[in-house]
Amino acid sequence: MAEIVKRYPPDRKRAAMLPALRLVQEILGHLPPAALEQVASKLEVSKTACAEVATFYSMLRLEPRGRYSVEVCTNVSCSLCGGEQILRHLEQKLGIHAGETTPDGRITLREVECLASCGTAPVLQLDEEFHERLTPEKVDALLATLA
Amino acid sequence: MDDRAPLPATRPATLLPPGGPAPQVERVVSRRWGTPESWTLASYERDGGYAALKKALAMKPAEVVDVVKKSNLRGRGGAGFPTGMKWSFIPKDNPKPRYLCVNADESEPGTFKDRYILDNDPHALVEGLAIAAYAIGAHTAYVYVRGEFKRQAERIDGAIREAYAKGYLGPSVAGSGYALDAHVHRGAGAYICGEETALIESLEGKRGWPRLKPPFPAVVGLFGAPTVVNNVETLANVPIILDRGAEWFAKLGTEKSGGTRLMCVSGHVKRPGVYEISMRTTLRELVMDVCGGPEDGRAVKAVIPGGSSAPVLAPNELDVACEFEALKAAGTMAGSGGVIVMDESACLVRTLWRISKFYADESCGQCTPCRDGTPWQEALLYKIESGQGTPADLETLISVATAICPFPPMGLGNTICALGDAAALPVHSFVQKFRPEFEAHIREHRCPFPDPWGATARRWGPSGETPKGWS
């Protein structure tokens with residue numbers, strides 16, 4: 001954390017907010033109220049300042065999620081190549097809707113916006129790793145690799 | 001499957017037009033893509049890297065700005081503003097420190113070129129940012145990388161570390177006595193942070209809420225200090241301008257914009273990917289010749305020329321050069337170079353609904369026309385697409401879009417930033433150019449397309465290979 005804060009001017013500790021929240025989320029899996037409080041005190045800002053950031057960005061999570069995160073792009077370029085079908089396929093296969101976690105807490109499925117992978121659409125991110133040029137068969141093979 | 005393999009091994013998406021009538025152009029930004037370990041310092045130096053930085057450091061900062069002005073380099077992030085002029089707006093007499101921010105928050109739907117630069121040639125960006133920082137007198141630079149780009153953030157971070165180790169960054173850049181620090185700052189998922197003042201707010205640790213302009217960032221930017229925000233592709237062009245001269249670079253382009261352009265083509269074409277093309281290439285040549293056009297037996301129905309914010313073009317409007325002024329004259333914009341192609345199998349109501357859903361999701365919530373108008377547009381379009389629409393809905397849709405931004409646009413619409421315009425212009429242009437399709441949905445009380453995305457025929461092979469006859 002100290003290393004992150006060093007990148008910004010000493011009187012501008014708040015600038016370390018995003019990297020700090022991401023670091024804490026990486027460790028805890030999500031951002032519970034106590035974590036926000038801790039980041040706020042480290043960066044010398046109010047808890048509200050922290051909460052407004054944590055609720056604004058789509059990659060910051062206040063709630064815990066499954067062990068794996070599957071995020072499918074359904075924006076125009078992906079859907080023109082079958083992205084929407086990939087999402088429907090995953091919903092069917094996992095028995096959940098986008099935005100939900102499987103009952104065993106294994107996989108959280110989300111529908112996301114353009115991931116800048118339009119030339120190799122359709123695409124999904126499994127825990128921040130790109131998987132591109134998807135077909136339903138490739139999605140099945142990918143799911144089979146998850147413990 | 002995973003994109004970790006070197007890019008050309010998976011698909012030659014980064015190659016130049018394979019012959020064809022499109023004007024050939026020297027590869028500039030993409031010239032090193034696909035060479036072995038192109039992202040390492042060793043490879044970059046072998047290809048003459050960092051010579052331009054040394055050349056710049058021997059000049060006066062104002063001379064560097066002049067060279068870039070003469071090169072006619074224009075911003076590649078969307079607005080196409082002349083880069084040298086942007087640099088010259090930094091006030092000379094402000095005692096505050098100056099900052100350079102690199103906009104690597106690429107999130108405009110249909111755009112994926114900056115990702116390729118970060119992946120394949122991060123040192124071109126590091127050298128470009130060092131030259132730019134020197135030219136504007138900044139001693140700190142931040143590279144704002146979009147949150148979802150994990151490997152790309154690692155690549156640029158690695159390049160910055162290598163540059164520090166070799167003395168191209170640090171207390172005395174290349175032994176010149178000029179000090180420069182560069183840091184990677186990762187976003188956390190917000191389209192709006194690609195807008196330069198939202199990016200600055202986000203870097204300061206706040207929500208990405210765009211600021212009212214003026215004051216412009218050149219005067220009051222990051223931490224209240226003079227700041228320049230430049231796109232990745234823009235800065236990646238800077239080293240070669242210093243290297244080969246402003247005249248050479250200007251000559252590559254057109255009268256008002258120098259250099260080449262990276263175009264990202266996606267959707268219904270046989271060969272999607274990033275292509276470096278001459279700005280004299282027309283959209284039709286790009287889509288039909290370079291990218292092979294849509295699947296055999298299908299015709300192009302609509303083309304979005306510059307990311308999903310750009311007004312759509314009909315098939316008879318494609319003979320326009322992929323250049324800022326020409327596209328502006330055609331009633332659309334060059335934007336970020338994201339070309340999305342739809343053939344006749346695609347439902348444009350569904351396409352527009354999905355575009356509107358995106359802007360409704362990504363509106364930051366600051367200005368009423370955009371915050372309330374974007375979900376309204378989405379809801380009306382969903383209603384029409386699902387067969388529940390009435391003729392009055394179409395009129396309401398246009399009136400909501402007009403409240404966000406009138407059409408044709410007269411400068412900025414009724415919102416602080418351009419996201420409002422970006423949300424309204426597609427609605428205006430789709431309805432204006434393809435009205436019968438909207439009316440058919442309303443008349444028939446259904447979507448007339450069996451497969452609204454026209455996607456079923458487009459299947460990659462089991463290991464992600466290209467379908468037969470596509471390349």
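Naming convention: chains lettered A, B, ... in sequence-line order (proteins, then strands); numbering from 1 in each chain. Computed from a predicted structure; not experimentally measured.
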**Student:** Please find the pair of heavy atoms, one from Cys114(A) and one from Ser107(B), that lie closest to each other, and give the distance.
**Tutor:**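 Closest approach of Cys114(A) to Ser107(B), heavy atoms only: CB-O, 4.3 Å.
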
**Student:** Could you pull out the closest heavy-atom pair between Gly147(B) and Glu128(A), with the gap in Å?
**Tutor:**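 Heavy-atom minimum between the residues: O-OE1, 4.2 Å.
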
**Student:** Under 4.5 Å from any heavy atom of chain B, what part of Glu71(A) do you find: side chain, backbone, both or neither?
**Tutor:**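 Answer is neither: Glu71(A) stays 4.5 Å or more from chain B.
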
**Student:** For the pair Arg22(A) (side chain) and Gly187(B) (backbone), establish whether a donor and an acceptor sit closer than 3.5 Å, ignoring hydrogens and angles.
**Tutor:**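 Looks like yes, one N/O pair under 3.5 Å.
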
**Student:** With no hydrogens and no angle check, do the side chains of Arg354(B) and Thr74(A) hold a donor and an acceptor under 3.5 Å apart?
**Tutor:**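 Yes, because at least one side-chain N or O of Arg354(B) sits under 3.5 Å from a partner of the opposite role on Thr74(A).
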
**Student:** Can you confirm whether the side chains of His183(B) and Tyr8(A) place a donor and an acceptor under 3.5 Å from each other?
**Tutor:**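 Side chains of His183(B) and Tyr8(A): no pair found under 3.5 Å.
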
**Student:** Is chain B contacted by the side chain of Val45(A), its backbone, both, or neither, given a heavy-atom distance below 4.5 Å?
**Tutor:**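 Neither part.
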
**Student:** Among Gly365(B), Ser202(B), Ala190(B), which residue forms the greatest number of heavy-atom pairs with chain A at distances under 4.5 Å?
**Tutor:**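 Looking at each option in turn, the highest pair count goes to Ser202(B).
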
**Student:** When you measure from the side chain of Arg12(A) to the backbone N and O of Phe223(B), does any donor-acceptor pair fall under 3.5 Å?
**Tutor:**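 Yes; at least one donor-acceptor contact below 3.5 Å.
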
**Student:** With chain A as the partner, which of Arg146(B), Glu362(B), Arg350(B), Lys357(B) has the greatest number of non-hydrogen pairs under 4.5 Å?
**Tutor:**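 The candidate making the most pairs under 4.5 Å is Arg146(B).
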
**Student:** Hey, which of Ile304(B), Thr111(B), Ile340(B) is the one that makes side chain to side chain contact (heavy atoms under 4.5 Å, CB included) with Ser77(A)?
**Tutor:**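 With Ser77(A) as partner, side chain to side chain contact (heavy atoms under 4.5 Å, CB included) holds for just one option, Ile340(B).
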
**Student:** Which atom names give the shortest non-hydrogen contact between Ala15(A) and Leu203(B), and what distance separates them?
**Tutor:**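 Closest heavy-atom pair between Ala15(A) and Leu203(B): CB-O, 3.2 Å.
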
**Student:** Which atom names give the shortest non-hydrogen contact between Ala188(B) and Tyr57(A), and what distance separates them?
**Tutor:**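 Heavy-atom minimum between the residues: O-CB, 3.2 Å.
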
**Student:** Can you find a pair of side-chain heavy atoms, one from Tyr191(B) and one from Glu113(A), that are under 4.5 Å apart?
**Tutor:**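 No, too far: nothing below the 4.5 Å cut-off.
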
**Student:** Which heavy-atom pair separates Met59(A) from Gly189(B) by the least distance, and what is that distance?
**Tutor:**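 Distance-wise, the nearest heavy atoms are SD-N, 3.8 Å.
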
**Student:** Restricting to non-hydrogen atoms, name the atom on Ala116(A) and the atom on Phe112(B) that form the minimum distance, rounded to 0.1 Å.
**Tutor:**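 For Ala116(A) and Phe112(B), the tightest heavy-atom pair comes out as O-CB, 3.3 Å.
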
**Student:** By a 4.5 Å heavy-atom criterion (distance strictly below it), what part of Gln125(A) contacts chain B: side chain, backbone, both, or neither?
**Tutor:**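 Contact with chain B is through the side chain of Gln125(A) alone.
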
**Student:** Should the pair Lys150(B)-Glu26(A) be classified as a salt bridge under the 4.0 Å nitrogen-to-oxygen rule?
**Tutor:**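 So Lys150(B) does not pair with Glu26(A) through a salt bridge.
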
**Student:** Side chains of Pro272(B) and Thr120(A), heavy atoms from C-beta outward: is any pair under 4.5 Å?
**Tutor:**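 Answer no - side chains too far apart.
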
**Student:** Do Leu80(A) and Met342(B) have side chains that get closer than 4.5 Å, going by heavy atoms?
**Tutor:**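 Yes, at least one pair of side-chain atoms sits under 4.5 Å.
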
**Student:** Between CZ of Arg115(B) and SG of Cys118(A), what distance do you get to the nearest 0.5 Å?
**Tutor:**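 If I round to the nearest 0.5 Å, the distance is 9.0 Å.
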
**Student:** Hey, what do you get for CG (Asn75(A)) to OG (Ser266(B)), rounding to the nearest 0.5 Å?
**Tutor:**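 If we round to the nearest 0.5 Å, Asn75(A):CG and Ser266(B):OG are 9.5 Å apart.
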
**Student:** Between Trp453(B) and Cys78(A), is there a side-chain heavy-atom distance shorter than 4.5 Å?
**Tutor:**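 Answer no - side chains too far apart.
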
**Student:** Residues two or more places apart in sequence or in another chain: which of them pass salt bridge (Lys or Arg N to Asp or Glu O under 4.0 Å) with Arg7(A)?
**Tutor:**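 Once residues adjacent in sequence are excluded, Arg7(A) has no partner under the salt bridge (Lys or Arg N to Asp or Glu O under 4.0 Å) criterion.
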
**Student:** Take Glu204(B) and Arg14(A), measure what side chain to side chain contact (heavy atoms under 4.5 Å, CB included) needs, and give me the verdict at the end.
**Tutor:** CA-CA 6 Å; Glu204(B) 291 183 356; Arg14(A) 183 178 179 165; over 6 Å; no

**Student:** What residues, two or more places apart in sequence or in another chain, satisfy salt bridge (Lys or Arg N to Asp or Glu O under 4.0 Å) together with Arg207(B)?
**Tutor:**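 For Arg207(B), the residues satisfying salt bridge (Lys or Arg N to Asp or Glu O under 4.0 Å) (neighbours in sequence not counted) are Glu52(A).
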
